Amino acid sequence: IIQDNSPSHPGFLRASGASADSLQLAVGMPVADEEFLASVLLISSDAFPIAKAYEVWHPDGDQFTLTQAAYQRVSDDMRLEIGAKVPVAAAGSPPSLVDLALQQGAVVTGEQSERLWIGRDGCEAGSGMGIAIPFYQGDQVHSVLVCFA
């Protein structure tokens, strides 16, 4: 789950605390084995963001659908609207980090721009580093969290 604009969120406990205004967004991730074990919460400040983009993609047959996103210090042309759909990489074309995480069923990292900024033209503007973390429901990948630095 991605929560953007944390200081104005009613459930954000530090909203009235010191430095709360600089804490821009939070990403909550479940940790599970055979059953739920715990949650990890990453909080990113506006002054020193963990990454530039945080996106949750759901595999849907031959495409991925963007269901959540938050961006820090990214130009408007690199942002995608919730509901954006992109095709799964065709054979012979470079797979995105989302494709690789789905194929391997494990965390993957990358730094090639065509793998990072899925669904965007002009990938050179988004070059950098990225990580994709698949999350499961049962034995199926339910969603993939992608963070770009």
Side-chain angles (χ1 to χ4, degrees), residues 1-13 15 23-46 48-149:
I1 295 175
I2 299 172
Q3 174 58 54
D4 199 5
N5 198 9
S6 293
S8 67
H9 190 274
F12 184 54
L13 298 178
L23 302 177
Q24 183 60 35
L25 64 87
V27 178
M29 297 180 286
V31 178
D33 192 359
E34 294 296 320
E35 59 187 54
F36 174 78
L37 299 174
S39 294
V40 173
L41 180 65
L42 301 176
I43 300 175
S44 184
S45 75
D46 192 44
F48 300 101
I50 295 171
K52 295 177 183 177
Y54 311 80
E55 298 173 344
V56 176
W57 293 91
H58 284 263
D60 186 19
D62 60 350
Q63 64 186 3
F64 297 107
T65 302
L66 182 67
T67 59
Q68 296 183 51
Y71 302 96
Q72 291 185 278
R73 300 178 186 230
V74 172
S75 63
D76 287 344
D77 62 332
M78 297 306 285
R79 298 170 188 250
L80 292 177
E81 294 290 323
I82 301 301
K85 296 184 184 301
V86 296
V88 171
S93 64
S96 69
L97 285 181
V98 179
D99 287 303
L100 291 174
L102 185 62
Q103 290 169 7
Q104 296 178 17
V107 175
V108 294
T109 61
E111 60 182 301
Q112 298 162 323
S113 61
E114 68 271 9
R115 289 189 180 193
L116 293 178
W117 293 87
I118 182 174
R120 296 163 182 86
D121 295 326
C123 290
E124 65 279 352
S127 61
M129 300 286 297
I131 185 169
I133 305 169
F135 292 94
Y136 287 82
Q137 265 187 347
D139 60 352
Q140 298 292 315
V141 173
H142 174 264
S143 60
V144 179
L145 169 67
V146 183
C147 300
F148 308 112

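When reading the values below, keep in mind they use all heavy atoms of this one structure, side chains included, and skip hydrogens, waters and symmetry mates. Just so it is clear, the structure is predicted and the values come from calculations on it, not from any experiment.
Side-chain N/O atoms of Tyr54 and Gln72 include a donor and acceptor closer than 3.5 Å.
Under the side chain to side chain contact (heavy atoms under 4.5 Å, CB included) criterion, Ile133 pairs with Met29, Val107, Ile131, Phe135, Leu145, not counting sequence neighbours. Taking Ala84 as the reference, Leu66, Leu80 meet the side chain to side chain contact (heavy atoms under 4.5 Å, CB included) condition, with sequence neighbours excluded.
Minimum heavy-atom separation, Ala106 to Tyr136: N-OH, 4.4 Å. Scanning all heavy atoms of the two residues, the minimum distance from Ala89 to Pro94 falls at CB-O, 4.0 Å. Residues Ala101 and Val108 share a closest heavy-atom pair of N-CG2, 3.8 Å. Shortest non-hydrogen contact noted between Val144 and Ala132 is CG1-CB, 3.8 Å. Pairing each heavy atom of Leu97 with each of Gly110, the nearest pair is CD2-N, 3.8 Å. The minimum heavy-atom distance between Pro59 and Val141, with the atom names listed, is CG-O, 3.6 Å.
Of the inter-residue distances, the one linking Leu102 atom CG with Trp57 atom CH2 reads 13.0 Å to the nearest 0.5 angstrom. A distance of 10.5 Å separates CD in Glu55 from CZ in Arg79, rounded to the nearest 0.5 Å. Taking CZ of Arg73 as the reference point, atom NZ of Lys52 lies at 10.5 Å (rounded to 0.5 Å).
In this structure a side-chain-to-backbone donor-acceptor pair under 3.5 Å is missing from His142 to His58. With Asp60 contributing its side chain and Thr65 its backbone, the two residues share no donor-acceptor pair below 3.5 Å.
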Under the side-chain contact (heavy atoms from CB on, under 4.5 Å) criterion, do Val74 and Phe148 qualify, and how do the steps go? CA-CA 10 Å; Val74 172; Phe148 308 112; over 6 Å; no
